[in-house]
Each structure stands twice: as structure tokens, then as C-alpha cells.
Amino acid sequence: MTDLTVKNPETAGAPDGPDASRASGDGGSAVGDGGRAARLRRELRAIHGLVHRDLLRLAGQRTHTALMLLHPMLYLLVLGGGLAALIPRSSLGVGYQTYLFPGMLMMTVQTPAIMVGIRLITDRQSGYVRELLMAPVGRATLLLGHCAGGTLTATAQGAVLLCLAGTVGLPYDPLLLVLLLGGMVLASFTITALALTLAVSLRRAETFHTLLGVIMMPLLFLSGGFFPLGALPGWAHAVAGVNPLALAVDLLRRCIASRVPGGQAETGVEWAGWRPPVPLEAGLLLAAGAVALLWAARRFNRPE
């Protein structure tokens with residue numbers, strides 16, 4: 001008997017049965033992988049654009065950058081040089097300028113890191129953030145770009161002050177410089193993330209400035225950057241134990257002590273008489289910045 005079945009010419013070349021399903025699945029997977037790769041490229045381009053914007057601002061505002069660097073330099077050279085003659089070396093283990101250097105590095109990276117939060121508020125008021133939100137990228141990506149740009153610019157300014165290490169009696173040891181630079185990256189990331197956490201919750205730059213004055217100055221003085229934490233009363237020493245700036249200063253100071261012959265790191269962060277190791281301090285700084293950034297991203301994802 002002659003087979004009279006006529007196949008549809010549009011499906012004549014298509015495979016039937018399991019082979020058809022397998023071919024369709026492979027095609028869908030390829031399209032999905034291509035879509036994910038394209039989205040990842042868009043997200044990375046957005047982060048690169050925001051970082052590039054911050055670097056252009058840093059290069060274009062040379063007077064502003066120089067003035068921000070002048071403040072910690074004056075503390076280091078004038079205040080540190082004056083008090084070095086009054087504070088005996090034996091009480092700190094190193095000269096006072098050497099002791100003060102990690103605190104001045106922290107002061108240097110703190111200001112540009114905080115400025116990221118101020119710029120986010122002013123960008124929101126000017127409508128620039130609304131224009132950014134029209135881009136086909138996630139809001140969390142935009143916040144990550146702001147954080148990466150702030151971390152990089154703050155570290156770059158800290159690296160300038162790092163060039164003065166020789167003036168305070170520190171050797172230009174490549175490993176020591178790398179350790180200090182790595183510590184500044186962690187500190188810059190944490191401070192930037194904390195500043196963004198405040199910025200996404202506030203609407204006015206004036207409120208942000210006032211709140212920072214209330215929060216940051218006590219944290220800076222309780223960081224051990226100017227005097228040993230052991231000289232503080234018990235309650236202040238306990239607060240310093242959970243202060244991210246104290247962790248960062250202690251991390252930098254212990255890096256110096258590990259590379260300077262005869263150097264001694266004075267009493268820093270302690271928890272019930274136990275000093276956390278350097279890797280744990282670095283991990284806590286990284287975790288604090290990551291948690292703050294995740295919370296800020298969640299808050300930033302809410303519709304305005």
C-alpha cells in the first residue's frame with residue numbers, strides 16, 4: 001500500500017522525537033549563555049565608567065586633592081615633629097612620628113572615601129542618579145561602581161602620603177610598602193562602603209556632614225592613631241575593640257612592626273586581653289565593608 005502521508009514542508013527538515021527536544025534545548029542554552037555574557041559585559045562597562053569618572057575628577061581637581069593631602073602632612077610633620085621631642089621613644093617602642101604614621105595614612109584615605117557618599121547625595125539631588133538608573137544595568141552595579149571608584153581614589157591619595165615614609169624613619173622596603181598599600185585598600189573599601197550606607201538613607205548633604213562629624217571624629221580618636229589604646233579608660237578601650245578604624249590602624253602598625261628592625265607595635269585592639277592576629281583583622285575589615293555594601297545595595301534597590 002502506498003503511503004499517502006504528506007509532511008509539512010516547514011517541518012520536513014526538523015528532527016522528530018527526543019532529538020528535536022535536545023536540539024531545542026541546546027539552542028536555548030546557547031541563547032541564555034549569550035544573554036548572560038552580554039549582561040555581564042554591560043555591568044562591567046558600567047562599573048568601569050563610574051570608576052573612570054572618579055579618576056577623571058581626581059586628575060582634574062588637583063588643588064582640591066593637594067589641600068586634602070596637606071592636612072595629614074601637617075599633622076605628621078608639625079604635630080608629630082613637635083611631640084616627638086616630648087614623648088620618649090621607650091614609651092612607644094618607636095619614634096612618635098613613626099607611631100603617628102599609620103594614623104595619618106588612615107586620615108588620608110578617610111576623607112576621599114567619605115566624599116563618595118556626599119557625591120551620591122548631590123548626584124541624586126541634581127538628577128544624575130536618575131539618569132544612571134535608565135541604563136540597562138542593576139542598581140547594585142551602580143552602587144558597586146561608586147564604591148570601587150571611591151576605594152581606588154582614596155588608596156591613590158594614601159599612596160602619595162606613603163612616599164613620605166622615609167621622613168618618619170621607615171625604610172622603603174618593597175614588601176612593607178605593599179603591605180601598607182594592601183591595608184589602605186581594605187580600609188578605603190570599608191570606609192567607602194560605610195559612607196554609602198549612610199548616603200542611601202539620607203536626602204540632604206547637610207545632614208550627612210553633620211552625622212559624619214558626630215560619628216567619624218570619635219572613631220578617629222578611638223582608633224589608636226594618635227595615642228596608644230591602652231591609655232584609654234576601660235569603656236573607651238571596649239569601644240575601640242569594635243571600631244573599624246582601630247582595626248585598620250592596628251593592622252598598618254603591626255605591618256610596620258613586622259618589617260622595621262627593633263620595631264614594636266604598642267597595645268592595639270584587644271578582646272578580653274587577647275590580640276586578634278593580622279589575618280583576622282584584615283578579614284574583619286573586609287567583612288564589615290562587604291556587609292555594609294550589601295545593606296546599602298538592598299536599600300538602594302528600593303524605588304524612590
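Formation of a donor-acceptor pair under 3.5 Å by the Arg275 side chain with backbone atoms of Glu270 is not found in this model. Within the 3.5 Å criterion, the main-chain N or O of Gly82 finds no donor-acceptor partner in the side chain of Tyr96. In this structure a side-chain-to-backbone donor-acceptor pair under 3.5 Å is present from Gln125 to Arg203. The closest donor-acceptor contact from the side chain of Gln157 to the backbone of Leu69 lies at 3.5 Å or more, if one exists at all. With hydrogens and angles disregarded, no donor-acceptor distance shorter than 3.5 Å links the side chain of Ser188 to the backbone of Val109. Of the possible polar contacts, none joining the Thr98 side chain to the Val94 backbone as a donor-acceptor pair under 3.5 Å is found. A donor-acceptor contact shorter than 3.5 Å is absent between the side chain of Thr141 and the backbone of Glu43.
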For residues 241-248, please give each side-chain donor-acceptor pair under 3.5 Å, one per line with the distance, not counting sequence neighbours.
from, atom 1, to, atom 2, distance (Å)
Asn243, OD1, Leu245, N, 3.0
Asn243, ND2, Leu219, O, 2.7
Asn243, ND2, Leu222, O, 3.4

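Residue Cys147 holds its SG atom at 5.0 Å from CG of Leu293, rounded to the nearest 0.5 Å. Atoms CZ and CZ, on Phe101 and Arg253 in that order, are 11.5 Å from each other to the nearest 0.5 Å. The distance from atom CG of Leu220 to atom CD1 of Ile215, rounded to the nearest 0.5 Å, is 13.5 Å. For the atom pair CG of Leu58 and OG1 of Thr65, the computed distance is 4.5 Å after rounding to the nearest 0.5 Å. The CG atom of Asp250 sits 10.0 Å away from atom CG of Leu285, with the distance rounded to the nearest 0.5 Å. Taking CE of Met106 as the start and OG1 of Thr111 as the end, the distance is 11.5 Å to the nearest 0.5 Å.
Residues forming a ring-ring contact (aromatic ring centres under 6.0 Å, His included) with His71 (at least two apart in sequence, or on another chain): Tyr75. When the side-chain hydrogen bond (donor to acceptor under 3.5 Å, both in side chains) test is applied to Arg45, no partner is found at least two apart in sequence or on another chain. In terms of the salt bridge (charged side-chain N to carboxylate O under 4.0 Å, His left out) criterion, residue partners of Arg57 (sequence neighbours excluded) are, by chain and number, Asp54. Glu206 meets the salt bridge (charged side-chain N to carboxylate O under 4.0 Å, His left out) test with Arg204; sequence neighbours excluded. Arg42 pairs by the salt bridge (charged side-chain N to carboxylate O under 4.0 Å, His left out) definition with nothing, not counting sequence neighbours. When the ring-ring contact (aromatic ring centres under 6.0 Å, His included) test is applied to Phe227, no partner is found at least two apart in sequence or on another chain.
Under the 4.5 Å side-chain criterion, counting only non-hydrogen atoms from C-beta, Thr207 is not in contact with Thr210. No side-chain heavy atom of Thr122 sits under 4.5 Å from any side-chain heavy atom of Tyr128. Looking at heavy atoms from C-beta onward, Leu79 lies out of side-chain contact with Leu74 at the 4.5 angstrom threshold.
Note: the hydrophobic cluster containing Leu56 does not contain Leu142 (ILVMFWY, side chain heavy atoms under 4.5 Å, direct or indirect links). Linking Ile, Leu, Val, Met, Phe, Trp and Tyr whenever their side-chain heavy atoms come within less than 4.5 Å puts Leu196 and Leu144 in one cluster. Leu284 and Val278 fall within the same hydrophobic cluster, where Ile, Leu, Val, Met, Phe, Trp and Tyr residues are linked whenever their side-chain heavy atoms come under 4.5 Å apart, directly or through other members. Residue Met107 is not grouped with residue Leu70 when hydrophobic side chains (ILVMFWY) are merged at heavy-atom distances under 4.5 angstrom, including chains of intermediate members. Cluster annotation: Val178 and Val160 are assigned to distinct hydrophobic clusters (Ile/Leu/Val/Met/Phe/Trp/Tyr, side-chain heavy-atom contacts under 4.5 Å, transitive).
Taking every heavy atom of both residues into account, Pro218 and Gly213 meet most closely at CD-O, 4.1 Å. The minimum heavy-atom distance linking Leu280 with Pro276 is given by the pair CD2-CB, 3.8 Å. Across every non-hydrogen atom of Ala193 and Thr197, the tightest pair is O-OG1, 2.8 Å. Asn301 and Ala140 get closest at one heavy-atom pair: OD1-N, 3.8 Å. Residue Ala296 comes nearest to Leu143 through the heavy atom pair C-CD2, 3.4 Å, listed as atom of the first residue, atom of the second, then distance. In this structure, Pro171 and Leu176 approach most closely via the heavy-atom pair O-CD2, 3.8 Å.
Counting only residues at least two apart or on different chains, the salt bridge (Lys or Arg N to Asp or Glu O under 4.0 Å) pairs with a member in residues 169-178 are Asp173-Arg259. Applying the salt bridge (Lys or Arg N to Asp or Glu O under 4.0 Å) test to every pair with at least one member in residues 94-106, sequence neighbours left out, gives no pairs at all. The stretch residues 141-158 participates, sequence neighbours left out, in no salt bridge (Lys or Arg N to Asp or Glu O under 4.0 Å) pair at all.
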- May I have the step-by-step check of side chain to side chain contact (heavy atoms under 4.5 Å, CB included) for Val168 and Tyr99, ending in yes or no? CA-CA 9 Å; Val168 298; Tyr99 180 85; over 6 Å; no

- Message: Could you go through His146 and Leu132, starting from their C-alpha distance and side-chain angles, then the distance that decides it, and tell me whether this counts as side chain to side chain contact (heavy atoms under 4.5 Å, CB included)?
- Response: CA-CA 12 Å; His146 279 89; Leu132 287 178; 4.1 Å; yes

- Show your working on side chain to side chain contact (heavy atoms under 4.5 Å, CB included) between Val129 and Phe300 and close with a plain yes or no. CA-CA 11 Å; Val129 170; Phe300 193 60; 4.1 Å; yes

- Evaluate the side chain to side chain contact (heavy atoms under 4.5 Å, CB included) criterion for residues Met184 and Leu181: first the C-alpha distance (whole Å), next the side-chain angles of each, then the deciding distance (0.1 Å), finally the verdict. CA-CA 5 Å; Met184 286 191 295; Leu181 192 63; 3.8 Å; yes

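Leu40 belongs to a hydrophobic cluster whose remaining members, ordered by chain and number, are Leu44; membership requires side-chain heavy atoms of ILVMFWY residues under 4.5 Å apart, directly or through intermediates. The other members of the hydrophobic cluster of Leu179, by chain and number, are Leu175 (side-chain heavy atoms under 4.5 Å, ILVMFWY only).
Ion pair Asp123/Arg130 not flagged as a salt bridge, since none of the NZ, NE, NH1 or NH2 atoms sits closer than 4.0 Å to an Asp/Glu carboxylate oxygen.
When each of Leu286, Leu252, Val269, Leu186 is tested with Glu281 by the rule side chain to side chain contact (heavy atoms under 4.5 Å, CB included), just one qualifies, namely Val269.
Around atom CH2 of Trp235, no more than 12 heavy atoms belonging to other residues, nucleotides or ligands sit under 6.0 Å away. Within a 6.0 Å sphere centred on CZ of Arg53, other residues, nucleotides and ligands contribute more than 12 heavy atoms.
Using bins of under 30°, 30° to 60° and over 60° for the plane-to-plane angle, the ring pair His48/His52 lands in the parallel bin.
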